[in-house]
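The block underneath contains the structure these notes are about, expressed in structure tokens.
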2 protein chains.
Amino acid sequence: MSRAYRPDETRRRILEAAYGVIHRHGFQAAGLNDILALTGVTKGAMYHHFPGKTALGYAVVDELVKSYLEDWWLAPLDAEGEDDPLAAIARTIQDNMTDRVPAIHLLGCPLNNLAQEMSPLDGGFRQRIEELYRAWRRRLSRALTRGQHSGSVNAAADTDEAATLIVAAIQGAFGQAKSAQSMAPFHDCMAGLNRYLMGLRP
Amino acid sequence: MSRAYRPDETRRRILEAAYGVIHRHGFQAAGLNDILALTGVTKGAMYHHFPGKTALGYAVVDELVKSYLEDWWLAPLDAEGEDDPLAAIARTIQDNMTDRVPAIHLLGCPLNNLAQEMSPLDGGFRQRIEELYRAWRRRLSRALTRGQHSGSVNAAADTDEAATLIVAAIQGAFGQAKSAQSMAPFHDCMAGLNRYLMGLRP
DNA sequence: CACGTGACATACCGGGGAGTATGAAATCAC
DNA sequence: GTGATTTCATACTCCCCGGTATGTCACGTG
């Protein structure tokens with residue numbers, strides 16, 4: 001038989017269950033018992049791997065949320081041979097919009113949810129979330145700057161400003177879609193954003 | 001001496017204290033005891049005026065949040081003799097940005113906060129919040145349409161799409177400012193939004 | 001002024017939450 | 001193989017929070 005103790009596997013299962021429950025109910029309303037019931041592991045195991053609920057939340061941000069942000073929103077910007085960031089941004093949005101429909105209009109963006117809930121309450125969360133937002137803006141800004149060098153983006157555009165607006169539009173679109181329980185506001189908003197992106201052409 | 005019983009005054013104090021605590025901690029983390037301690041009234045009074053915590057939250061949205069949204073963001077769009085909605089929108093943003101600085105980057109937008117936290121959890125909140133978002137979009141869209149008729153807005157622009165993007169950008173800017181605990185992202189974002197608005201000129 | 005009702009105050013309850021103490025089983029070090 | 005350490009399980013504890021039961025005082029009404 002295989003080994004009975006698989007610590008890293010156990011840790012990962014707890015993390016992923018926590019991610020799901022937090023995504024659904026928010027961090028404060030996420031019950032440890034719910035998370036544990038979902039995984040089948042017990043409280044003893046959880047408190048062996050994590051010092052407490054807060055640390056578990058930090059780990060969710062540090063490992064899962066960060067990783068999803070990277071995979072879904074950041075990496076596509078730096079795709080091989082990409083020299084048209086405006087097209088890459090539009091394509092990334094389109095991909096995420098079609099791939100994760102239910103998560104968007106039912107649960108919203110995990111990063112945005114956590115940001116709104118926890119930023120003013122807990123400095124640890126705030127710093128971690130701010131770091132992710134900063135990374136997002138920087139990657140967008142750098143991609144746009146590369147586009148300026150390659151001639152696909154207007155050289156006069158303020159790339160930092162544009163990056164901030166793009167992130168805000170995406171987060172705001174998530175919020176409206178979640179409240180409406182419909183993808184319609186998201187689609188409208190992204191159409192408007194695309195029009196804005198077109199305005200950044202040379 | 002003045003009257004000892006002032007029911008509507010008491011109700012209002014409870015409502016406003018609840019608004020403050022909810023704005024700071026979110027609805028779920030807002031303790032009734034905190035709210036009551038802040039007002040000086042007791043639990044008996046509170047449960048006399050409101051059936052429970054949820055009803056209190058609904059009342060906060062229905063009366064206070066709705067009213068603030070109207071006063072700060074909607075009414076300025078329909079100012080007397082206003083036929084340049086793009087200027088009115090830019091001015092409204094500027095006014096709110098300078099008037100309520102600490103609330104923005106420390107606590108965020110009350111509507112946005114509640115939307116992110118409560119929309120997926122409670123249908124009552126969701127409907128109320130969605131109604132406010134819809135009203136916001138509609139007022140923006142109508143203002144833009146009026147601008148099209150008066151010639152200050154490009155007749156080819158999709159006003160619904162633009163309204164949704166404007167709301168999203170504002171909400172997203174709030175979120176980033178709150179996480180950064182700084183007005184910088186808000187300013188960047190609004191500058192970008194202004195540039196987008198300029199693109200809607202004929 | 002009596003009476004009924006509205007407007008509060010006080011004290012308490014039940015439940016669910018995070019966290020802990022302790023122990024057993026598995027794995028590792030030597 | 002044996003002691004030490006890691007990994008997990010069970011059974012609690014404590015506390016806070018929303019909610020309730022009940023009592024008291026003020027105020028309008030006849």
Side-chain angles (χ1 to χ4, degrees), chain A residues 1-61 63 114 117-118 121-125, chain B residues 1-61 63 114 117-118 121-125:
Chain A
M1 72 176 183
S2 70
R3 321 207 327 254
Y5 283 176
R6 275 166 297 182
D8 42 2
E9 163 79 10
T10 300
R11 202 188 110 100
R12 237 200 51 185
R13 286 179 57 186
I14 297 174
L15 261 185
E16 287 177 356
Y19 171 83
V21 177
I22 291 173
H23 192 190
R24 216 153 307 195
H25 303 296
F27 176 76
Q28 306 183 88
L32 289 184
N33 297 329
D34 297 359
I35 297 175
L36 297 173
L38 210 64
T39 63
V41 274
T42 62
K43 198 168 283 191
M46 185 251 154
Y47 271 91
H48 172 72
H49 287 283
F50 304 94
K53 190 191 178 186
T54 304
L56 175 59
Y58 290 171
V60 166
V61 176
E63 306 179 30
L114 272 177
E117 181 190 5
M118 298 307 296
L121 263 64
D122 183 288
F125 273 104
Chain B
M1 71 177 184
S2 70
R3 317 202 334 249
Y5 283 177
R6 274 166 298 181
D8 42 0
E9 164 79 10
T10 301
R11 201 188 109 100
R12 238 200 52 186
R13 286 180 56 185
I14 297 174
L15 261 186
E16 287 177 356
Y19 172 83
V21 177
I22 291 174
H23 192 190
R24 216 154 307 194
H25 303 296
F27 176 76
Q28 305 182 90
L32 289 185
N33 298 328
D34 297 358
I35 297 175
L36 297 174
L38 210 64
T39 63
V41 274
T42 62
K43 199 169 282 191
M46 186 251 154
Y47 271 91
H48 173 73
H49 288 283
F50 303 95
K53 190 190 179 187
T54 305
L56 175 59
Y58 289 171
V60 167
V61 177
E63 307 178 30
L114 271 177
E117 181 189 5
M118 297 308 296
L121 263 64
D122 182 290
F125 273 104

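Note that this is a predicted model, so its numbers are computed, not measured. Lettering follows sequence order; numbering is per chain, from 1.
The interatomic distance linking A:Met46 (CE) with C:dG17 (C1') rounds to 13 Å, in whole Å. With rounding to whole Å, A:Arg6 atom CZ is found 14 Å from C:dT27 atom C1'. Atom-to-atom, NZ of A:Lys43 to P of C:dG17 comes out at 9 Å; the value is rounded to the nearest Å. Protein atom OH of B:Tyr5 is 12 Å distant from nucleotide atom P of D:dT24, rounded to whole Å. Put simply, CZ on A:Arg11 is 11 Å from P on D:dT7, counting in whole angstrom units. Distance A:Ile14 CD1 to D:dT7 C1': 11 Å, rounded to the nearest Å. Atom CD of A:Gln28 and atom P of D:dC17 are 12 Å apart (whole Å). In this structure, A:Leu36 places its CG atom 13 Å from P of D:dC8, rounding to the nearest Å.
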Show, in sequence, the C-alpha distance, side-chain angles and deciding distance for A:Leu15 and A:Tyr19, and conclude whether the side-chain contact (heavy atoms from CB on, under 4.5 Å) test is met. CA-CA 6 Å; A:Leu15 261 185; A:Tyr19 171 83; over 6 Å; no
Walk me through whether A:Phe50 and A:Val60 qualify under side-chain contact (heavy atoms from CB on, under 4.5 Å). CA-CA 11 Å; A:Phe50 304 94; A:Val60 166; over 6 Å; no
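Looking at A:Lys53, its side chain has no donor and acceptor atom pair within 3.5 Å of the base of C:dG17.
Side-chain proximity of A:Leu32 to C:dA18, D:dC17, D:dT20: nearest is C:dA18. You'll find that the side chain of A:Ala45 is closest to D:dA9, out of C:dA7, D:dA9, D:dA11. The listed nucleotides are C:dA26, C:dC8, C:dG19; the one nearest the side chain of A:Tyr47 is C:dG19.
Positionally, the nearest nucleotide of DNA chain C for A:Asp34 lies more toward the 5' end than for the other of A:Pro51 and A:Asp34. Nearer to the 5' terminus of DNA chain C, by closest-nucleotide assignment, is the contact made by A:Phe27 (compared with the other of A:Gly44 and A:Phe27).
Listed here is the closest heavy atom pair of A:Ile14 and A:Met46: CD1-CA, 3.8 Å.
For D:dT7, the OP1/OP2 oxygens have no side-chain nitrogen or oxygen of A:Thr10 closer than 4.0 Å. B:His48 has no side-chain polar atom (N or O) that falls below the 4.0 Å cut-off from OP1 or OP2 of C:dA9. The side chain of A:Asn33 contributes no N or O atom lying less than 4.0 Å from OP1 or OP2 of C:dG16.
Using a 4.0 Å heavy-atom criterion, one finds that A:Gly31 contacts the sugar-phosphate atoms exclusively. Contact annotation for A:Ala29: no contact, since no heavy-atom pair falls under 4.0 Å across all strands.
One N or O on the side chain of B:Lys53 and one on the backbone of B:Ala30 form a donor-acceptor pair closer than 3.5 Å. A:Glu117 contributes a side-chain N or O that, together with a main-chain N or O of A:Phe27, makes up a donor-acceptor pair within less than 3.5 Å.
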